[in-house]
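Contents: one structure, followed by commentary.
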Amino acid sequence: MRAVAFDTHSHLQDRKILDDFQAILQRAEAAGVAGIALCGYDAASNELAISLAAAEPGVFPTVGFHPHEADEVSQAMLAELEGLAALAEVVAVGEIGLDFYRGLAEEANQRRLLDAQLEIALRVGKPVSVHTRGAEDAVHEHLAPYAERARAGGLDVPGVMHCFGGTLEQALRYVELGFMVSIAGPITYPRNADARHLAAGLPARSLVVETDSPYLPPQAMRGKLNEPAHILHTAQAVAAARGESLETLLSQTTANAERLFRLRVPARAGAA
Ligand SMILES: [Zn+2]
């Protein structure tokens, strides 16, 4: 069987591409993308992730509040989030995290929101999908105690660092906690040697790939909206950085995504 890809982070419910949802899924399938995580980031996008994924076998919703929302999220909204996170079809809590780069919300509020959502993840027993920008060390302060409790509670992989832009040394500190590290389109940018160094140095069992659609198109698609079919450009760049074949890289990263989200992609569910 041909190796299939898994896009561990996308926002297909984004208004910029939502009208194209069915065509995007068809192009993804044609490109060999068998699994797509559809990630929420605010109340409306969480609901939409769940409703869009419901009719699509290979599309898996996650729900969470992005750190940009931290000044706006109320206790009632968190209670609602917990209800959604507990649904059987929701595979992770995210995206959650800290963003000191854009700093659209107060740091104290971001940290409080992150902790509240880590508690939700522990209560519903699901992994987290973590955004970190300009906060690669600060996030670790929150994830270290969380990961210890998650793993004590039986969660093999406590979560994934989405579109990780820190150093290899920082990434390996998350790997030590049991996290997967997700590589996105910027690895294909000619000047981004740091991303290729990061991808080359990660253990094979800790590596996954993503598009972050409709953002971060790979080099060959720059200026266009990104979509899951473009994951192959990123996977190819990761494979090249590691000196592996695309087949090997896809088999490994798809198996990792299945372990992370505790599921089987439809293309493999029937295979022995
Ligand atoms: Zn995202």
Side-chain angles (χ1 to χ4, degrees), residues 5-18 20-21 24 28 33 35-50 52-53 59-70 72-73 81 84-85 90-105 110 113-114 117-118 121 126-136 139 142-143 159-166 171 174 179-189 195 198 207-218 221 224-231 233-234 253 257 260-261:
F6 197 115
D7 181 354
T8 62
H9 196 100
S10 78
H11 304 292
L12 303 182
Q13 75 277 56
D14 188 294
R15 226 178 290 255
K16 288 190 272 300
I17 54 172
L18 181 55
D20 221 12
F21 183 64
I24 285 173
V33 181
I36 300 170
L38 183 44
C39 305
Y41 44 92
D42 62 10
S45 66
N46 289 332
E47 297 272 2
L48 210 43
I50 292 170
L52 285 170
V59 181
F60 306 97
T62 81
V63 296
F65 291 112
H66 194 282
H68 294 339
E69 304 296 315
E72 317 297 331
V73 176
L81 177 73
L84 298 180
V90 171
V91 297
V93 173
E95 67 181 277
I96 65 176
L98 298 176
D99 192 320
F100 299 161
Y101 179 80
R102 294 189 66 195
L104 296 185
Q110 291 192 37
L113 178 60
L114 173 56
Q117 295 185 99
L118 291 173
K126 305 222 172 134
V128 292
S129 180
V130 182
H131 169 103
T132 167
R133 195 153 181 221
E136 282 70 20
V139 162
H142 297 259
L143 294 192
V160 55
M161 304 305 294
H162 125 74
C163 187
F164 193 74
Y174 291 104
F179 276 77
M180 303 253 178
V181 177
S182 183
I183 309 290
I187 191 175
T188 63
Y189 302 167
L198 169 68
L207 182 66
V208 289
V209 288
E210 64 168 87
T211 58
D212 204 17
S213 304
Y215 308 106
L216 302 179
M221 303 291 163
K224 297 189 182 150
L225 293 170
N226 203 5
E227 61 179 74
H230 300 162
I231 193 80
H233 295 273
T234 297
T253 51
L260 161 65
F261 294 129

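Atoms within each ligand, like the ligands themselves, are counted from 1 in listed order.
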Inset, instruction - Tell me which N, O or S atom of Glu95 sits nearest to the Zn ion (ligand 1). - result: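 Nearest N/O/S atom of Glu95: OE2.
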
Inset, instruction - May I ask you to check whether Cys163 brings an N, O or S atom to under 2.8 Å from the Zn ion (ligand 1)? - result: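 No.
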
Inset, instruction - Take the angle between the ring planes of Phe60 and Phe6 and call it parallel below 30°, perpendicular above 60°, tilted in between. - result: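 Phe60 and Phe6: parallel rings.
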
Inset, instruction - Could you label the plane-to-plane angle of the His9 and His11 rings as parallel, tilted or perpendicular, counting under 30° as parallel and over 60° as perpendicular? - result: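 Perpendicular, since the angle between the ring planes exceeds 60°.
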
Inset, instruction - Return yes if some donor-acceptor pair links the side-chain N/O of Lys16 with the main-chain N/O of Leu225 below 3.5 Å, else return no. - result: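 Not a single qualifying donor-acceptor pair exists.
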
Inset, instruction - Working to the nearest 0.5 Å, report the span between SG of Cys39 and CD1 of Ile96. - result: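 Answer rounded to 0.5 Å: 11.5 Å.
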
Inset, instruction - Please work out the angle at the Zn ion (ligand 1) defined by atom NE2 of His11 on one side and atom OD1 of Asp212 on the other, rounded to 10°. - result: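 Answer comes to 90°, rounded to 10°.
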
